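The figures that follow rest on heavy atoms only: side chains count, while hydrogens, waters and symmetry mates do not. Note on naming: letters A, B, ... go to the chains in the order of the sequence lines (proteins, then strands), and numbering restarts at 1 for each one. As the structure is a computational prediction, the values presented were derived from the model and not from experiment.
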2 protein chains.
Amino acid sequence: MTIQQLKYIVALDEERHFAKAAEVCMVSQPGLTIQLKNLEEEIGIKIFDRAKVPLTPTVLGKEIINRARKILRETNEIRDFVVNEKNALEGELKIGVISTLSPYLIPLFIKVMKEITPKVHFIIKEANTGQLMHDVETGALDVAIMATPTGNKNLIEHPVFQEPFVAYLNKEHPMAKENFYEIQPGDKPMLLLLQNEYCYNAQLLDICGLKAPGPIKDQFSYDISSIETLKNLVRAELGFAIIPQLSTLNEKEKELFKPFKDPKPVREISFVVSDTFSKKLLLEKMNEAIWSCLPEAIKTNVSYRKIRWNDSPYFVDAISKV
Amino acid sequence: MTIQQLKYIVALDEERHFAKAAEVCMVSQPGLTIQLKNLEEEIGIKIFDRAKVPLTPTVLGKEIINRARKILRETNEIRDFVVNEKNALEGELKIGVISTLSPYLIPLFIKVMKEITPKVHFIIKEANTGQLMHDVETGALDVAIMATPTGNKNLIEHPVFQEPFVAYLNKEHPMAKENFYEIQPGDKPMLLLLQNEYCYNAQLLDICGLKAPGPIKDQFSYDISSIETLKNLVRAELGFAIIPQLSTLNEKEKELFKPFKDPKPVREISFVVSDTFSKKLLLEKMNEAIWSCLPEAIKTNVSYRKIRWNDSPYFVDAISKV
DNA sequence: TCATGATTATAATTTTAATTTATAAAGGTA
DNA sequence: TACCTTTATAAATTAAAATTATAATCATGA
């Protein structure tokens, strides 16, 4: 069965005349006759009764012709869909980006998008995981760029890339001289976490094989809201941190940023949209743009261990507080 | 766009590997690669991102693959539909036949159907138009063989053949010596009608260009329920009749059965079913059977004037009494 | 009833398109 | 660096669809 054959039977049903139908299809009459014959032989029944004047579809033929019509409509809809998507490369798009990624990716991203989709106006908001999910669900945001999977059935996730985590050690750390990092017995209480980012913390705890944050130090109560603050706390030798690799890009002194051993822990970064989101070609362009920004070390496929933040036991408790 | 190309992208989405997908489709890897390229060029977007490992559909690609899946499912359903229909050539079928056709067609019809569908048990009932329509709508009958169009939106009609009307004159009729019949000025009061067959009468009145039956004779009140009675009344010189051609088949003396001049008035005989009726191949076989019974004179396409009984003004009044 | 016109089917050939085999290119891996 | 895996490309082959020409069928009208 071919799409061409389906076109022929539909044309034949409309014209009820081989020569006219062939003309409509811009082929010769024998071409159409032969293809009808082929189709009828393949499915095993006569679709048209040639004895009747004018030519008439058989009872079964009518049913098959209607199904053919539907199939042809749907193939045309594929074309239309693509055309509509291309037309959708203008207008406004509200993007939310997880704060642990935003400062490192968005400046590069915006630069590229200005070139490939000059007619789209991007409105970008930085937020934490809980806010992003909420805003996509309510429609306040069109797209969130965040760590996945979310486990939220109302959201659709399109993975973009895998971002490895690296450890940021201070000079006093026992592994400060190694060229990779592995969790050490004394590390657990020293791991610095982010405030208001349960999801990020859940990932770190999973990496370190912990179920809950270490005991909070009495002396200080940190209100850490960004990776940059975290890095500064490490520099002040108040602990060590596990941070996403993109946040190390602009660092001059790379020695104390230690990659993990394979399989490296990574977080999956995805576009998260609602099921009604329709500008899929725009997502495609955004995907291209991000890949053109990524350093080779991240593009390259590595042996990794994907960290899921939403099935961490810590996260389950924490999310209820959000 | 070809069905083959759609199969390829679906296989590729399932395997995420060109060589494996090609194996599933039982073609070579370059064959699949080229067809994917052709399809992508035709619709104007990339469906798969080859840079990712493993191969991943683009955001738009996912949508197209899903549409392709649906189209492929529907093409398979065409095959399944035909197979199911072939399996449906057994069981029971309740047929109702209009009484002005039944005695002449059904004996021949049954004989043929016994040969072509030996496993189907036919239950045949003779009735008038109103009863047939009602029984098909309620499901008491599977198929009615009757004059159409009915104008009933709940019923589906599959025309089978056109049956010409002929006039049956008595020897005293002014046209008794002619070899065709045309309505004569004095004919109107002499036209014999059937009791309980509004539809049939409506057709006759339409043929004669009348809006209502002629004045009923005081002397007799005929309760005529069959074409055969009608013929006997003509023989008794109580009037003349217009009768369907199949009812003249077994008559020995053909002289007084007069065909009309072209365009001949005909009634359309159809299979009438409800929209849920599914044994369409069986209808097809019944259609074949009827055509094998019909005399050449009816099979042959003639210049005709189709008589619609349901938009006769007489019928509109009459049907409300049914 | 025989020639005619209209319509569909068939045959032979041509054209087009799909597929194959062989091989190159790209990118990761030991 | 050499090797392996995977996808792309080239050239040749095969298969399929389409075309032209013509035959068969059948109703029509002189």
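Residues B/T33 and B/Q29 bring a donor and an acceptor atom of their side chains to less than 3.5 Å of each other. Of the N and O atoms on the side chains of B/Q5 and B/Q35, at least one donor lies less than 3.5 Å from an acceptor on the other residue. Side-chain contact, A/K280 with A/H158: no donor N or O sits under 3.5 Å from an acceptor N or O. Neither side chain, B/R50 nor B/T56, offers a donor N or O lying under 3.5 Å from an acceptor on the other.
One can place CD of A/E23 at 13 Å from P of D/dT19, the figure rounded to the nearest angstrom. As rounded to whole Å, 18 Å separates atom P of D/dT5 from atom CG of B/L55. Here the P atom of nucleotide D/dT6 and the CG atom of B/L36 are 17 Å apart, to the nearest Å. As a whole-Å value, the separation of B/I3 CD1 from C/dA18 C1' is 15 Å. Counting to the nearest Å, the P atom of C/dG27 and the CG atom of B/D49 are 13 Å from each other. Regarding A/H17, its NE2 atom lies at a distance of 16 Å from the P atom of C/dG5, rounded to whole Å. Taking atom CZ of B/F48 as the reference point, atom C1' of D/dA8 lies 16 Å away to the nearest angstrom. Distance, B/L12 CG to D/dT6 P: 13 Å, rounded to whole Å.
Nearest to the side-chain atoms of A/K37 among the listed nucleotides D/dT19, D/dA10, C/dT10 stands C/dT10. Comparing C/dA18, D/dA8, D/dT19 by their nearest atom to the side chain of B/T33 picks out D/dA8. Each of C/dA18, C/dA9, C/dT21 was ranked by its minimum atom distance to the side chain of A/F18; first place goes to C/dA9. Of the candidate nucleotides C/dT20, D/dT6, D/dT20, C/dT20 has the atom lying nearest to any side-chain atom of B/V27. Closest to the B/I34 side chain, of the nucleotides D/dT7, C/dT7, C/dT20, is C/dT20.
Not one side-chain nitrogen or oxygen of A/Q29 sits closer than 4.0 Å to the OP1 or OP2 atom of D/dT20. Look at B/R50 and you won't find any side-chain N or O under 4.0 angstrom from OP1 or OP2 of D/dT6. Between B/Y8 and the phosphate of C/dA18, there is no side-chain N or O to OP1/OP2 separation shorter than 4.0 Å.
Closest-nucleotide positions on DNA chain D for A/Q4 and B/K20 were compared, and the one nearer the 5' end corresponds to B/K20.
In this structure, A/Q35 reaches the sugar-phosphate backbone alone: every heavy-atom distance under 4.0 Å involves primed, P, OP1 or OP2 atoms, never a base.
Screening A/R67, A/K70, A/R73 against B/E74 for a salt bridge (charged side-chain N to carboxylate O under 4.0 Å, His left out) leaves a single residue, A/K70.
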